[in-house]
Amino acid sequence: MKKYLSSKIISNQQLSKSFFQMDINCPEIVKISEPGQFVNIYFSGDKKIFPRPFSIAGAKNGILKIVYKVVGSQTLQMSRWKSGHDLKILGPLGNKFSIKTGGTHVLIGGGVGIAPMLFLKDSLVTKNSKPYLLIGARNKDEMFLFEDYESELNLSTDDGSHGFRGNVVSYFQALVDSMEKPLHVYCCGPDKMLEVLAAYCKKMKFDLQVSIEKVMACGMGLCQGCATKTKTESGEIKYSLVCKDGPVYNAGDVFFNG
Amino acid sequence: MKKYLSSKIISNQQLSKSFFQMDINCPEIVKISEPGQFVNIYFSGDKKIFPRPFSIAGAKNGILKIVYKVVGSQTLQMSRWKSGHDLKILGPLGNKFSIKTGGTHVLIGGGVGIAPMLFLKDSLVTKNSKPYLLIGARNKDEMFLFEDYESELNLSTDDGSHGFRGNVVSYFQALVDSMEKPLHVYCCGPDKMLEVLAAYCKKMKFDLQVSIEKVMACGMGLCQGCATKTKTESGEIKYSLVCKDGPVYNAGDVFFNG
Amino acid sequence: MVDMRIKLGEKISLDNPLMTASGTFGYGNELSDVLDINNYGGIVTKSLSIEPRIGNPPPRIVETHCGMINSIGLANIGVETFLEEKAGFLSDYKGQLIVNIAGRTDDEYFAALKRLTQVDWIQGFEINVSCPNVKEGGIEFGKDPKVLGQLVKELRQLTDKFLMIKLSPNVTDIGIMAEKCQECGADAVAMINTLYGAAIDIYSRKPLINSVIGGLSGPAIKPVAIASVIKASKVIDIPIIGMGGISCGQDVVEFLLAGASAVELGTVHFFNPHAVIEILEFLKKYCDENNISAISDLVGKIDY
Amino acid sequence: MVDMRIKLGEKISLDNPLMTASGTFGYGNELSDVLDINNYGGIVTKSLSIEPRIGNPPPRIVETHCGMINSIGLANIGVETFLEEKAGFLSDYKGQLIVNIAGRTDDEYFAALKRLTQVDWIQGFEINVSCPNVKEGGIEFGKDPKVLGQLVKELRQLTDKFLMIKLSPNVTDIGIMAEKCQECGADAVAMINTLYGAAIDIYSRKPLINSVIGGLSGPAIKPVAIASVIKASKVIDIPIIGMGGISCGQDVVEFLLAGASAVELGTVHFFNPHAVIEILEFLKKYCDENNISAISDLVGKIDY
Ligand SMILES: Cc1cc2nc3c(=O)[nH]c(=O)nc-3n(C[C@H](O)[C@H](O)[C@H](O)COP(=O)(O)OP(=O)(O)OC[C@H]3O[C@@H](n4cnc5c(N)ncnc54)[C@H](O)[C@@H]3O)c2cc1C
Ligand SMILES: Cc1cc2nc3c(=O)[nH]c(=O)nc-3n(C[C@H](O)[C@H](O)[C@H](O)COP(=O)(O)OP(=O)(O)OC[C@H]3O[C@@H](n4cnc5c(N)ncnc54)[C@H](O)[C@@H]3O)c2cc1C
Ligand SMILES: Cc1cc2nc3c(=O)[nH]c(=O)nc-3n(C[C@H](O)[C@H](O)[C@H](O)COP(=O)(O)O)c2cc1C
Ligand SMILES: Cc1cc2nc3c(=O)[nH]c(=O)nc-3n(C[C@H](O)[C@H](O)[C@H](O)COP(=O)(O)O)c2cc1C
Ligand code: FES
Ligand code: FES
C-alpha cells in the first residue's frame, strides 16, 4: 500500500563534497518500508517533469532517510531544501531484498549505491545478524562516514585515498577468504561494477542480489517506461519493470546492458 | 545602449502585504537610465520562459531600484531571492517620459504603477521642481510608505482605509483646483484608470503622458509581440511596439483596448 | 452543487469529465493505493491487442522540456489475459470503462473488438490509429482519411457500444480526419495522441529512444492539443474527448472551452499522482465562483 | 583550435553553424548593443513581403509551458523600406545575410525575390512557406508537395543565389516536402517553423492569440524538430538548417548529430540574449573535450 504524501524535511545535511542525507518525517511510509524499496520525490514549476527515485536508506521512528548524490538539476535543487520544507513523496515502491537465513551477509555499495545497503544493514542487525558492509568510492571526496555501524565496515577508494586501494569488488575478493561461508551477497552500484561482481559470484557460486537503476517516469507500473531485459526462471526473455518487478533482482536474471 | 548583465541583489525588502522593493547593483544600467524606462529580469530552469519587465523605480549611486507586486509565479520567485543573489538583467529598455518645463508636474500612480513615478519624481526633484505625487491603492494592505519624499505626497485608497477614500483619479479631481496651472500629468496604472484619467485630461486640456503595459517576450523589438494600436500624429492607425516605441505615450495616441 | 455530469452522445454518460489516457494509468489497479479510482468519470485502458506484445526494447522513455518522449511499443498483456486478470478489479469500477484497442492489421482490430464487445463490464472502445512508435500498422490507419474511414466503417459494424477513434496530431489536417470518423459512424473522437519526437545523447551519439522517433507528450504539447480540438470542433458535431498536456484544472477548463466534452489525463499521472483529485476540486470551485451550474455548459464556449 | 566553419553546398560558407531564426532577431540591429552580431555565422531576417504589412492585432504572443505561441502576422516593413533603412547596418555584417521572404501569392514571392536578388549584400534567401498564422497564403504552399514543388521551381529560375525553403512541421510527412524541395532545385531546406498552437483565457473565455491559432515555438518543440531533421536527413542530400527550441550548446550538437548542417536560434533570444556567445563557447569546449577537430564532422553522426 504505497502512499502519496506531503511530508516535512527534518534535516538535510551534506555528508561529503557531493553527497547529502535527507531525513523526512513520514511515519506512514516508514511503517511499511522494506530494504531494497525506494521512494519518488516530486518537483513543481520546473521544466523537468519526472519525479526522481531514491532508495530508502533508513526507516526508523517515523523518519525516512535517503542518501543522495548531486548529479544534475533536481538533486541540486534538493540539496538546497532546508529543514521544514514540505515535499511530495510517494512510497514505498518496488520489491525488496529477500533476506536469506544462515550464512554470512555481505553488503556491497558502490558510490551512491551505498544507500539501500544502509537500510538492509539496519534490518539485518535487528535480526541479530552481523553483516559485512563494503563501501567503495572513487576517492576520499566521494566517501563519507556514518556515526553508527553495528556492522563490519570496510571502505575502499579507487585511488587509495581512503581505505583499501582499488574498487570495492577487488576489495571483496581480497576479503572473501576470511568470510565464513555460505555467503549471501547484496549489491547496489554502477552497472559496470554489478556486472563484474555478478561474473565473480557466479564463478564462486555465491548467491547475489542486485539493485539496478533505470530512468523512470511514474515509478509504479503505470507507464512501462522502465523496462529492462530479464530472464525468467524458465530461461525465457522478458521485459521486466524495474519500478515494480524490481529494482532488486537475482543477478543471474539481469542483462546488464539491457 | 542597453546592457545585459549579471548583477547582485543588494536588498529585497517587503514593503507591504504583496509589494516588494529590490535594489540591484548595476552601475552600467543606472548611468544611462531615464524615468519611464524599464528593465527585464531573467529566470532559468523554469517552465515559464519569458523574462519579466519592471519599471525603473530609482537609479542612483550605481543602484537600480524596482518596486514589484507579487502576482504570479515569477514575481513570487523574485520575492524569495536574498541579497547577494545574482540575477540577469537587461536595460534600460523603452522610451522615457518627456519632461515638460514650466507649470506643475502631477505624477499619478495606481497600484504598482507607482514604480516609474518614483523615479520620475526623483528626477524632477533634482531639477528643482516640486511635483505632486498621487498614489492610489485598493486598500491599506496594498499601500506602502517610503522614507523620503521631497514632494507633495498624496495617498488614496478605494476603501478609505488610508488617506483619501476613492480612486486616485477622483482624488486628483478633488485636488486639481488647488494646483497651479498649467498641469503636466504623468500616469501609470491599470488600463481602466488610465482611460478614465485620459478622458478627464482631454476634457480639461491637461497634457497627459501614460506608461502602459503589454505582455512582452523580448523587451527590445526583436519579436513584435508587444504591439498595441496607436494613432500617429497624422491620425493614422499604427501598431506600435510597447517595448521599444513605448511604454510611454501621449495619452491621446493610445487605444486603451488595443 | 455543480452538476459535473457529461453526456458523450446517447450511449455514455460520465459522472465527471475526467478520464485516464491510455498507457498512462496501467490497467487501473496500479494507482488504487493512492486514490479512489472512482474519482475518474471514465477509465481508458492501455492499448490492448488481440495477442500480447512484449513491446520495444529500452530505452523507452526520456524527459524533455516540459514533456517526455515514449516508445513503449504498445507492450500489453493481450485481450485474453486482460479479461482474465483484470475483470475482478475493473468490474467493481463505478465509472465508464473504455478499452483502447490497437492493431497492426484490420483483422487484428476486428478480432479484438469482436471479443471485447461481448464483455458486459466494458462500456466502450477507443481505437488507437495513431501510435507513432510501432513499426507496422497503427499510425498508417491514422494518416490517410480514406484508409481511416474504411476501418471505422467496418469497426462500426462490429459493435453497438460506444466507439471513439483516437487521432494523431501528426497529420496536415486533423479536421479532415475527424470529419471522416463522424461520417463513418464513430460516436466520438479522442485527440491528441503523441507528437513525433526524438532526442539524442550528445556524448554516446545514440538516440535516447529505442525506435529513434517516439511520441512526445506532457505540458509542452498542450497548445497543439488545444488548437487541434478547436479545429475539429468547427467541423464535427460528435463529442470530442480532449487530451495532451493537461496538468491542472485550468487546463481542463481550457479544453472544455475549446470544444472538448470530456478530457483524458495522461502524463500528469507521472508527476502528480493526485491530479484527478486536485482537478475535480478546482473545477467545482471554478464553476461555483463563476456561476456555472453544470460543467457541460462550458463545452465549446470559447468567445471568439 | 576547432574549425567551426560549415559549408552549405557550394554557394555559402558560414564561419560557424549558428544563424538567427526569422522573426526572432528583428532586422539585426536591435541586439547589437548587447553583443557583436558577427558572432553569428549567418543572419536570417524577419520575413519580408514585397509590400509592408502592419501584422495582426494584439494579443500576438502568449507564454506556454517551455514555449510560446505567436501570431505576429508577418508584420514587416516591406522590401523597399528594408533596403533603404537596413542597408547601412547590414552591409557591415561579416557573416552571411539571408533574407526570409513571405508571400500571399506566387507573384508576391516572385516580386520580392526578383528585387532582392539584385542586392549585392544579400547572400541568399529563405522562403517561408510555412507561417501558420496568416490567413491567405504562406502555409498553403507548404502543405501540398505539388504546389510547393511548383513554387520552388519557379523561384529557382529567378535567382542563382543560395535558395532554401523553410518547412512546416504541420504536415503528415515532412520528408516528402523536403524531397520535393531538393528535386525542384532548392539549395537547402530549413526546418522547423512553428507548430500550430492555441491557448484560451479561462476567465474571459477569449483566445489568448488574436488569430485563435498561432505558432508554437521554444524548448517545448525541440523533440519535434529533432525528429523532423532525422526524417528529412534520411531522404535528402542537400543541407538541412535545423531549428526549433534550441536553448543551449547541447541542443545545437543534438541538431548537428540528427543531420542539420547549421542551425537557427529563435525563441532563445527572448530568454537569453547572450545565447549565441554561450553556445559558441560550449561548442568549442565540447569539440575540444571530445577530440573533434571540425564541427562539420558532427553532422549526421547519430549512431543508430
Ligand atoms: C530505483 C532507483 C533508486 C535510486 N536511488 C538513489 C539513491 O539512493 N541515491 C541517489 O543519489 N540516487 C539514486 N538513484 C538515482 C537518482 O534517481 C538520480 O541520480 C536522479 O534522478 C538524478 O536527477 P537529476 O535531476 O539530479 O539529474 P539529471 O541531470 O536529470 O540526470 C542525471 C542522471 O540521473 C538519472 N536519472 C535522471 N532522471 C531519472 C529518473 N526519472 N529516474 C531514474 N533515474 C534518473 C539518469 O541516469 C541521468 O543520466 C536511484 C535511481 C533509481 C532508479
Ligand atoms: C513596461 C512594463 C513595466 C512594468 N513595471 C512593473 C513594475 O514596476 N512593478 C510590477 O510589479 N510590475 C510591473 N509590470 C508588470 C510585471 O511585468 C508583471 O506583473 C509580471 O510580469 C508578472 O509575472 P508573474 O510571473 O509573477 O505573473 P504571471 O502569473 O505570469 O502573470 C500575471 C500577469 O502579469 C502580466 N505578465 C506576465 N508575463 C508578462 C510579460 N512577460 N511581460 C509583461 N507582462 C507580463 C500579465 O498581465 C499577466 O496576466 C510591468 C510590465 C510592463 C510591460
Ligand atoms: C508512456 C505513455 C504510453 C502511452 N501509451 C499509449 C497507448 O498504449 N495507446 C494510446 O492510444 N495512447 C498511448 N499514449 C498516449 C496518451 O494516451 C496521450 O494521448 C498522450 O500522452 C497525450 O496526453 P498527455 O500529454 O496528457 O500525456 C501513451 C502516452 C505515454 C506518455
Ligand atoms: C515571435 C516570432 C516570430 C516569428 N516570425 C517568423 C517569420 O516572420 N518568418 C518565419 O519564417 N518564421 C518566423 N518565426 C519562426 C521562427 O523563425 C522559428 O522557425 C520557430 O520559432 C522555431 O524555432 P525556435 O523554437 O527556436 O523559436 C517566428 C517565431 C517567433 C517566435
Ligand atoms: S517507471 Fe513507469 S512503469 Fe516503471
Ligand atoms: S516584446 Fe518583443 S518586440 Fe516588444
Side-chain angles (χ1 to χ4, degrees), chain B residues 1-6 28-29 32 39-53 72-74 88-93 191 212-230 232 236-246 254-258, chain D residues 20-35 46-47 52-77 201 208-210 214-215 217-220 245 247-248 265-275 277-278:
Chain B
M1 283 295 286
K2 54 189 171 292
K3 313 270 176 197
Y4 179 65
L5 303 168
S6 186
E28 300 91 329
I29 296 178
I32 49 178
V39 293
N40 260 355
I41 304 281
Y42 292 78
F43 303 85
S44 67
D46 238 86
K47 66 187 180 193
K48 299 233 184 157
I49 63 165
F50 289 171
R52 295 294 192 258
S73 61
Q74 306 314 80
K88 300 271 186 185
I89 183 170
L90 172 71
L93 301 170
D191 268 8
I212 66 171
E213 292 189 4
K214 271 278 160 196
V215 172
M216 294 178 177
C218 72
M220 49 177 156
L222 299 178
C223 73
Q224 308 205 44
C226 60
T228 195
K229 211 159 105 180
T230 55
T232 59
E236 234 179 311
I237 301 297
K238 172 192 154 184
Y239 288 124
S240 166
L241 300 184
V242 175
C243 74
K244 213 176 123 180
D245 310 325
V254 181
F255 293 83
F256 291 103
N257 313 316
Chain D
T20 62
S22 181
T24 66
F25 194 67
Y27 293 100
N29 49 332
E30 287 82 356
L31 210 62
S32 59
D33 290 359
V34 167
L35 50 80
K46 174 79 190 157
S47 281
R53 289 205 202 169
I54 63 163
N56 289 340
R60 289 182 171 184
I61 50 172
V62 65
E63 207 176 15
T64 65
H65 288 261
C66 290
M68 64 179 287
I69 311 174
N70 88 78
S71 169
I72 309 299
L74 299 180
N76 80 91
I77 56 180
D201 183 310
L208 282 160
I209 285 292
N210 62 73
S217 67
S247 71
C248 61
L265 309 183
T267 303
V268 66
H269 287 118
F270 311 154
F271 58 88
N272 182 3
H274 273 180
I277 298 174
E278 292 171 16

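Worth knowing before you read on, the calculation uses all heavy atoms, side chains too, and leaves out hydrogens, waters and symmetry mates.
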Next item on the list: Check each atom of Asn272(D) against the heavy atoms of chain B and say whether the ones under 4.5 Å are side chain, backbone, both or neither.
Entry: both

Item checked: Euclidean distance, Ile54(D) CD1 relative to Lys238(B) NZ, rounded to 0.5 Å -> 11.5 Å

Notebook entry, point to check: With a 4.5 Å limit on heavy-atom distance, are the side chains of Arg60(D) and Cys223(B) in contact?
Noted result: no

Item checked: Which atom of Lys2(B) lies closest to which atom of Asp33(D), heavy atoms considered -> N-OD2, 3.0 Å

Check: Is there a side-chain contact between Phe50(B) and Ile61(D), using heavy atoms and a 4.5 Å cut-off?
Finding: yes

Note to self: Which atoms of Ile49(B) are under 4.5 Å from chain D, going by heavy atoms: the side chain, the backbone, both sets, or neither?
What the structure shows: both

Item checked: Heavy-atom side-chain proximity of Lys244(B) to Glu30(D) below 4.5 angstrom -> yes

Check: Minimum heavy-atom separation for Cys66(D) to Asp46(B), with atom names?
Finding: SG-O, 4.2 Å

Notebook entry, point to check: Under a 4.5 Å cut-off applied to non-hydrogen side-chain atoms, are Gln224(B) and Lys46(D) in contact?
Noted result: yes

Checklist line | Heavy-atom check, side chain of Lys229(B) versus side chain of Pro58(D), under 4.5 Å | finding: no

Note to self: Which one wins on heavy-atom pair count under 4.5 Å against chain D: Gly219(B), Cys226(B), Gly221(B), Ser44(B)?
What the structure shows: Gly221(B)

Item checked: Steps toward salt bridge (Lys or Arg N to Asp or Glu O under 4.0 Å) verdict (Glu63(D), Arg52(B)) -> CA-CA 11 Å; Glu63(D) 207 176 15; Arg52(B) 295 294 192 258; 3.1 Å; yes

Check: Closest heavy-atom contact between His269(D) and Leu222(B)?
Finding: CB-CD1, 4.1 Å

Note to self: How close do Phe270(D) and Tyr42(B) get, counting heavy atoms only, and between which atoms?
What the structure shows: O-CE2, 3.5 Å

Check: Given side chains that start at C-beta, do those of Tyr4(B) and Leu35(D) come closer than 4.5 Å, heavy atoms only?
Finding: no

Next item on the list: Answer whether the closest heavy-atom distance between the side chains of Leu31(D) and Met220(B) falls below 4.5 Å.
Entry: yes

Checklist line | Thr267(D), part contacting chain B, at a heavy-atom distance under 4.5 Å | finding: side chain

Notebook entry, point to check: Quick one: does Val215(B)'s side chain get under 4.5 Å of Val62(D)'s, heavy atoms only?
Noted result: no

